[in-house]
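These notes concern the structure reproduced below.
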There are 4 protein chains.
Amino acid sequence: MQVNNVEELFEKTLQESELTKKQQAVLSVSLNLFAEQGFDRTSTSEIAKQAGVSEGTVFKQFKTKDGILKALLDPMIEQVVPMAASEFLTEINTSQISDFEGFLTYAIKDRMVFALANRKQLKVFVQEIIRKPEITQGIADKLQRLIAGPMGDLLHQFQVNGQLVDWPVMRIARYIVGTLASYVVPQILMGIDANLDVEQASRDAAHFLVRGLAPEK
Amino acid sequence: MQVNNVEELFEKTLQESELTKKQQAVLSVSLNLFAEQGFDRTSTSEIAKQAGVSEGTVFKQFKTKDGILKALLDPMIEQVVPMAASEFLTEINTSQISDFEGFLTYAIKDRMVFALANRKQLKVFVQEIIRKPEITQGIADKLQRLIAGPMGDLLHQFQVNGQLVDWPVMRIARYIVGTLASYVVPQILMGIDANLDVEQASRDAAHFLVRGLAPEK
Amino acid sequence: MQVNNVEELFEKTLQESELTKKQQAVLSVSLNLFAEQGFDRTSTSEIAKQAGVSEGTVFKQFKTKDGILKALLDPMIEQVVPMAASEFLTEINTSQISDFEGFLTYAIKDRMVFALANRKQLKVFVQEIIRKPEITQGIADKLQRLIAGPMGDLLHQFQVNGQLVDWPVMRIARYIVGTLASYVVPQILMGIDANLDVEQASRDAAHFLVRGLAPEK
Amino acid sequence: MQVNNVEELFEKTLQESELTKKQQAVLSVSLNLFAEQGFDRTSTSEIAKQAGVSEGTVFKQFKTKDGILKALLDPMIEQVVPMAASEFLTEINTSQISDFEGFLTYAIKDRMVFALANRKQLKVFVQEIIRKPEITQGIADKLQRLIAGPMGDLLHQFQVNGQLVDWPVMRIARYIVGTLASYVVPQILMGIDANLDVEQASRDAAHFLVRGLAPEK
DNA sequence: AATGAATGAGAATTCATTCAT
DNA sequence: GATGAATGAATTCTCATTCAT
């Protein structure tokens, strides 16, 4: 997992798609504009102008303005919760991490990298979440199932191990996510400047969590 | 501090204002619509219709659509950071709280109540923050000054007391805010249903933080 | 006839009217605003604000916005053409002016003073003329009747006298009016600064006209 | 120089532009409506309806209502003063007109034709001048420079020749313009009917001016 | 007579979307 | 696939006017 070159990750994914150069430009420009000024405040004509294509071209591939949004968010959404659940967790198991702090450090670093690599998409995504309550509910359900399911099982293992306090999994998950967010959210909202040392930050966060979540005497 | 009746707090404030009934209705309806569907997706004609007034009336008092937003957020914004700094902190000192966990419990409960009482405004406020980067920067600066200033001094006292780990204040503040947010953000995003037990939640959060932030042996 | 204090002439007329102070203020402010920015670009609320009255008051006396315009122009319109025809011309006869240049000097000076005293009203009036073709036609008819009637008779006398070239009265009137306008129009359009020496200007204009309109050898 | 077919001159210019038929219709209709009822009293929806296009189309090309006005006036404005100064005056010199009356006849006829060919635009232009004092000042400055500069030199030649009275150039220019205006302004204000015999009128005007401006004995 | 909140009919302008070329 | 002129519904905002107090 490389922390570098995270910036161009989206561009590479673009180039591997079947889209023409112009359609790629539309997506790329749209992502930047949506992140900067919001979906509603970005007009399709502005997208066309900045992408150097005609107004018609914007709609040729993506049909509607919402279609562009979907094309931007769908690939990422599938990675947020599911990847956390499947690839990510199995990778955990295979690497035989039985150490809670090690697990936390790894998991937090992984999600930090993901968040930074998809900073703009996440910003757009958060906008959408706020705007559409039905989405919010859907996300909440998925999260709850994740915490109750695979993630819960994992945490439960650490509780049985005597490495994790005996609180409800929901409460534990809350603190983990909150701590992760305290590093990631400012990065997403602020923009470029942010030179977050991911290695250090994930170790710090894990350290704090391990202490706060240690079994009570 | 009353946790109940939080819902009608805004309505009461409205009635004490100098606005006519109709203008109050405009503000009240606007807050709900902005929170539900976002500022950009709410048309002034929809506001007028739901408030039972003419379109002209909407603009008579607030001049522009942004004027309505300002009328909704300004009173609250002045309470977010400053109140945390002045009234709130002095109240802490006068009540002679030398106990870190006590301090945390009180502070967290206070901000939770504030957040729940201003749930809708905060939702609208968050939308604005995301939309206008210049605002974000302003908020960030204020926060940093708060943490470096009064809040930092307070935390430093606890460090000297031997009740708080010797990490940079910024890091400590990060975890406190992150933990608080982990309770409050879902409430803000979800809507009414969520019946958070503020007393219990603030005790839980403070307890977790005290363990995570205890001085290292 | 005083050339001085021409500025306050309208204000004095106002004070002699039966209008209340507030209604006078409405008229006075309206005249200035109409002259500066045009009738259409002046809103009744702006009038109210500048006049220091409520929006309702503006309509109490004058019923409609057009009513204000009418109240401003009517008194002046009755002086433009008719006065030229009646009071003015009879005064000429009684003073026994048989000298063409004397007549011209007097007549031009009289109309110059009138124009300068009613500068703002004339500006508003010209705007109206341009806007409403039906008015234009009415004015044109009146003028033509004046020139064919009393003014024509007068000019004809000078032709019989051998002091005026034997051209159609219409043509002669054209040059007289054009020459007068060449002094007055810039004053009306420009504003205050222009300090026209009415005495000198009327003598100059008359002198030029007498030479141009002298009988051909 | 053809006096006939002046009516369709604007239409021809339109067709030679790069505008689509619909955009041409917008301009053409706008010119007529602005001239008839004034800029402020003409709504963009009325323009759209009469031009047989959608409201969106009106703004696609010209961005704003003022943009339409600009598109109508700009081409003409560049001809009013400058052309009088450059093309026009040089043409005078090359044709070796040393006769003052000949010069006047030519110049007046030229400007009459120009005014009649741009009757509607001039009407709209005059509306603008009255409305925007800052424009008025600009025009006045240009005119003054023209009269002080090339036009003044020319007039001075005639004074040296002994063909022109020894008055200040400003005064002479005033009478020339006033006399020209006395023919042209009624045409502009009245509308179509006016069948002005340009040949005859320019000869008449020049003749009158030559007499009024002859050197004093 | 005066007030000023309220009205509602438009006004200019924007914008996602379509479609003939 | 790409273009860009054209669309028309929707949006924010203005303004003359009314009316209860």
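Every chain is numbered from 1 and lettered A, B, ... according to where its sequence line falls, protein lines coming before strand lines.
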* Below 4.0 angstrom from OP1 or OP2 of dA16(E), is there any side-chain N or O of Thr64(A)? -> no
* Determine: side-chain N/O of Thr20(D) to OP1/OP2 of dA5(F), distance under 4.0 Å, yes or no. => no
* How long is the gap from CZ on Phe34(B) to CZ on Arg41(B), to the nearest 0.5 Å? -> 14.0 Å
* Structure fact -> Rounded to whole Å, CD of Gln23(B) lies from C1' of dT7(E) at a distance of 12 Å
* Asked: When the distance from NZ of Lys22(B) to P of dG4(E) is rounded to whole Å, what number comes out?
  -> 19 Å
* Asked: Within the pair Ser54(B) and dT7(E), is there a side-chain N or O less than 4.0 Å away from OP1 or OP2?
  -> yes
* To do: Please tell me which of Gln61(B) and Ser43(A) maps to the more 5' nucleotide of DNA chain E, matching each residue to the nucleotide holding its nearest heavy atom.
  => Gln61(B)
* Arg41(D) has an atom CZ; how far is it from atom P of dA16(F), in whole Å? -> 11 Å
* To do: Using atom CD of Gln24(C) as one end and atom C1' of dA2(E) as the other, report the distance to the nearest whole Å.
  => 16 Å
* To do: If dA20(F) has a Watson-Crick or G-U wobble mate with both distances under 3.5 Å, name it; if not, just say none.
  => dT3(E)
* Asked: Does the distance from a Lys or Arg side-chain N to an Asp or Glu carboxylate O, for Glu46(B) and Lys65(B), drop under 4.0 Å?
  -> no
* Using the closest heavy atom to pick a nucleotide of DNA chain F for each, name whichever of Lys63(C) or Thr44(B) lands nearer the 5' end. => Thr44(B)
* Mind checking Val53(A) for me? I need base, sugar-phosphate or nothing, with any heavy atom below 4.0 Å counting as a touch. => sugar-phosphate
* Asked: Taking CZ from Phe59(C) and P from dA6(E), how many angstroms apart are they, rounded to a whole number?
  -> 18 Å
* With the threshold set at 4.0 Å, does a side-chain nitrogen-carboxylate oxygen contact exist between Asp40(B) and Arg131(B)? -> yes
* Whole Å only: how far is the NZ atom of Lys49(D) from the P atom of dA6(F)? -> 20 Å
* Using atom CD of Glu55(B) as one end and atom C1' of dC15(F) as the other, report the distance to the nearest whole Å. => 14 Å
* Asked: Is there a side-chain polar atom (N or O) of Lys60(D) under 4.0 Å from OP1 or OP2 of dA5(F)?
  -> no
* Quick one: Asp40(B) CG to dT14(E) C1', roughly how many Å, whole number? -> 13 Å
